[in-house]
Amino acid sequence: MKKWLSLLFIGFFTVVVLAACAPDREEEASAGDSNSDSNSSSESSEGDMPEKPEKLVVWEDKDKGIALEPAIASFEEKYGIKVEYKELDMATKMGEQLRLDGPAGTGPDVLTLPHDQIGQFAIEGLLSPLEVDSSVTDLYTKASIQAQTYDGNLYGLPKSTETPVFIYNKEHMTEVPEDFDELFEFTKDFNNGDQYGFLALWDNFYFANSIMSGYGGYVFGEEEGSLNPQDLGLNNEGAVEGAEYIQQWYEEVFPSGIVGESGGSAKDGLFQEGNVAAMMDGPWAYQALNEAGIDYGVAPLPKLPNGEYPQTFVGVKGWHLSSASENKEWATELIKWITNEENAKIRYEETNEIPPVTALIEDPIIADNEKARAVAVQSERAVPMPNIPEMAEVWEPMAQALQVVATGKEEPESALNEAQDTIETQIKLNHSGD
């Protein structure tokens, strides 16, 4: 389960970019544009900085260096510091290599990570907090900055975001339902044993949390800006109400085959064959749908019956400062530079990864792109997937609880009570020394 979730967050967007909207890159990333608000927030008085290093080293995700090169070029021109980058697989190699190369002094100054790994690396002493002011953090969505924060400290600046959205087959659905009540009625009318109106993997906590959180459930409470692993909200009144709503869908409209480990492949197969009108999935699904020739649309998720939007988990990849760097001030300056508005826009053009830069959500390059805008809007309604190590104890008990709820073998309240008890016990056993 945990491995699947790690792989999930290295899926990439296959959004079609409107090239006509892309500005000239040299002008866009120019360090000399003194009128740029985001560039001004990236600049520091060099008089306050230590002596410049000969070079800085960056570890980038595999096959993503092309998006980093323009930012490096403009940084080098501005500051006269050479920047080298190396590509590593972020999911499987980055952390392992950092544990070896960081203490040995052969690691990077700056590296990229998915935000759910921040807590563990911070505990191991491999990352240093960033020291930036609010003029920098205000550039980004609130959720993306929360995702980069651990134990009250900011450990990175965000570079891209992804979250589940509403994907629909335009052959079967011409307009997105305004709310889940309307979607439920549509699904009941559309279902015929071979075709289905809407499918979602709500026996998987990654997806189900959006419904439970929309009703008032939560994973960990917050205390003074930090997640509190002793405050679990997985069986509170809202969580139970959300699980009851999930159970209603399984009892009345979902097919039995989308429960358990094979549920995802069954859902994907049905949609790619054109037998599903809509589904809840993420931008990692776009490529397969393109290859299947499905004419599909994408939108933020509709409102729940209580009038609230589902609060999906948002995954944020960011740029981080290695604790072994001997050039932390200049490495921080580089992080600010490569994540500013201009360079974030260039990155989007090259990778289709949605930048959580507030101003870019209304930029035509995203606002006029249905698939990109859906992810951007839903990300603003999302909650960061918890980045503390205790989250590892949540996935399996919640999956077991949701599966017995989905199959009708247990009532939601008792299933969630059992899950929360198990999670509390496992946290005490495995994290008492954290």
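Atom set for the values below is all heavy atoms of this structure, side chains included, hydrogens, waters and symmetry mates excluded. Given the structure is predicted, the values throughout are model-derived calculations rather than measurements.
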Any heavy-atom pair between the side chains of [Y] and [X] that's under 4.5 Å?
{"X": "Val357", "Y": "Tyr348", "result": "no"}
{"X": "Leu113", "Y": "Leu127", "result": "yes"}
{"X": "Ile145", "Y": "Pro158", "result": "yes"}
{"X": "Asn236", "Y": "Tyr218", "result": "yes"}
{"X": "Lys86", "Y": "Val57", "result": "no"}
{"X": "Leu360", "Y": "Lys345", "result": "yes"}
{"X": "Tyr286", "Y": "Val165", "result": "yes"}
{"X": "Pro384", "Y": "Val316", "result": "no"}

What's the separation between atom [atom1] in [X] and atom [atom2] in [Y], rounded to the nearest 0.5 Å?
{"X": "Thr112", "Y": "Lys64", "atom1": "OG1", "atom2": "NZ", "result": "9.0 Å"}
{"X": "Met391", "Y": "Ile427", "atom1": "CE", "atom2": "CD1", "result": "10.0 Å"}
{"X": "Gln195", "Y": "His172", "atom1": "CD", "atom2": "NE2", "result": "5.0 Å"}
{"X": "Leu183", "Y": "Leu304", "atom1": "CG", "atom2": "CG", "result": "11.0 Å"}
{"X": "Lys142", "Y": "Thr358", "atom1": "NZ", "atom2": "OG1", "result": "12.0 Å"}
{"X": "Glu333", "Y": "Ile338", "atom1": "CD", "atom2": "CD1", "result": "11.5 Å"}

Any donor-acceptor pair under 3.5 Å from [X] side chain to [Y] backbone:
{"X": "Asn343", "Y": "Thr339", "result": "no"}
{"X": "Asp281", "Y": "Ile167", "result": "no"}
{"X": "Asn306", "Y": "Gly214", "result": "yes"}
{"X": "Asn387", "Y": "Ala147", "result": "yes"}
{"X": "Ser160", "Y": "Pro355", "result": "no"}
{"X": "Asn340", "Y": "Trp337", "result": "yes"}
{"X": "Tyr196", "Y": "Leu270", "result": "no"}
{"X": "Glu162", "Y": "Gly315", "result": "no"}

Which atom of [X] lies closest to which atom of [Y], heavy atoms considered:
{"X": "Ile258", "Y": "Asp203", "value": "O-OD1, 3.8 Å"}
{"X": "Phe205", "Y": "Leu234", "value": "CZ-CD2, 3.6 Å"}
{"X": "Asp194", "Y": "Asn275", "value": "O-CB, 3.6 Å"}
{"X": "Glu87", "Y": "Asp61", "value": "CG-O, 3.7 Å"}
{"X": "Asn235", "Y": "Val240", "value": "O-CG2, 3.7 Å"}
{"X": "Arg373", "Y": "Ile361", "value": "NH1-O, 3.2 Å"}

Residues passing the ring pair (Phe, Tyr, Trp, His ring centres under 6.0 Å) test with Tyr85, sequence neighbours excluded, are none
By ring pair (Phe, Tyr, Trp, His ring centres under 6.0 Å), Tyr309 pairs with (sequence neighbours left out) none
Tell me, please, which residues at least two apart from [X] pass salt bridge (charged side-chain N to carboxylate O under 4.0 Å, His left out).
{"X": "Glu124", "answer": "Arg99"}
{"X": "Glu178", "answer": "none"}
{"X": "Glu84", "answer": "Lys55"}
{"X": "Arg381", "answer": "none"}

Note to self: Set out, in order, the CA-CA distance, both residues' side-chain angles and the distance that settles side chain to side chain contact (heavy atoms under 4.5 Å, CB included) for Glu223 and Asp231, then state yes or no.
What the structure shows: CA-CA 9 Å; Glu223 185 175 318; Asp231 178 9; over 6 Å; no
Checklist line | Intermediate values then yes/no, side chain to side chain contact (heavy atoms under 4.5 Å, CB included), Gln400 and Thr422 | finding: CA-CA 11 Å; Gln400 293 174 358; Thr422 299; over 6 Å; no
Using the side-chain contact (heavy atoms from CB on, under 4.5 Å) criterion, which residues pair with [X]? Sequence neighbours excluded.
{"X": "Glu185", "answer": "Lys188"}
{"X": "Thr312", "answer": "Thr163, Pro164, Ser210, Met280, Leu301, Gln378, Ala382"}
{"X": "Glu410", "answer": "Val404, Ser414, Ala415, Glu418"}
{"X": "Glu261", "answer": "none"}

Here the ring-ring contact (aromatic ring centres under 6.0 Å, His included) pairs for residues 250-271, sequence neighbours left out, are Trp202-Phe254, Trp249-Phe254, Tyr250-Phe254
Does any donor atom in the side chain of Gln272 or Asp268 lie under 3.5 Å from an acceptor atom in the other side chain?
no
ask   = Angle class for the Phe180/Tyr245 ring planes (parallel below 30°, perpendicular above 60°, tilted otherwise)?
value = perpendicular
**Prompt:** So Phe313 and Trp395, would you call those rings parallel, tilted or perpendicular, with 30° and 60° as cut-offs?
**Reply:** perpendicular
Check your understanding: For Lys62, does the NZ atom have more than 12 heavy-atom neighbours from other residues, nucleotides or ligands under 6.0 Å away?
Key -> no
**Item:** Flag if over 12 foreign heavy atoms under 6.0 Å of CD, Glu237
**Value:** no
Using the ring of Phe75 (Phe, Tyr or Trp, six-membered ring only), decide whether Lys336 places NZ or CZ under 6.0 Å from its centre and within 45 degrees of its axis. no
Q: Tell me, with the steps shown, if Glu244 and Tyr215 meet side chain to side chain contact (heavy atoms under 4.5 Å, CB included).
A: CA-CA 11 Å; Glu244 289 172 346; Tyr215 278 96; over 6 Å; no
*Should Glu96 and Lys93 count as an ion pair when the cut-off is N to O under 4.0 Å?*
no
Contacts of Glu308 meeting side-chain hydrogen bond (donor to acceptor under 3.5 Å, both in side chains) (sequence neighbours excluded), chain-then-number -> none
Checklist line | Residues Phe166, Met173; criterion side chain to side chain contact (heavy atoms under 4.5 Å, CB included); working and verdict | finding: CA-CA 12 Å; Phe166 186 84; Met173 182 178 285; 3.8 Å; yes
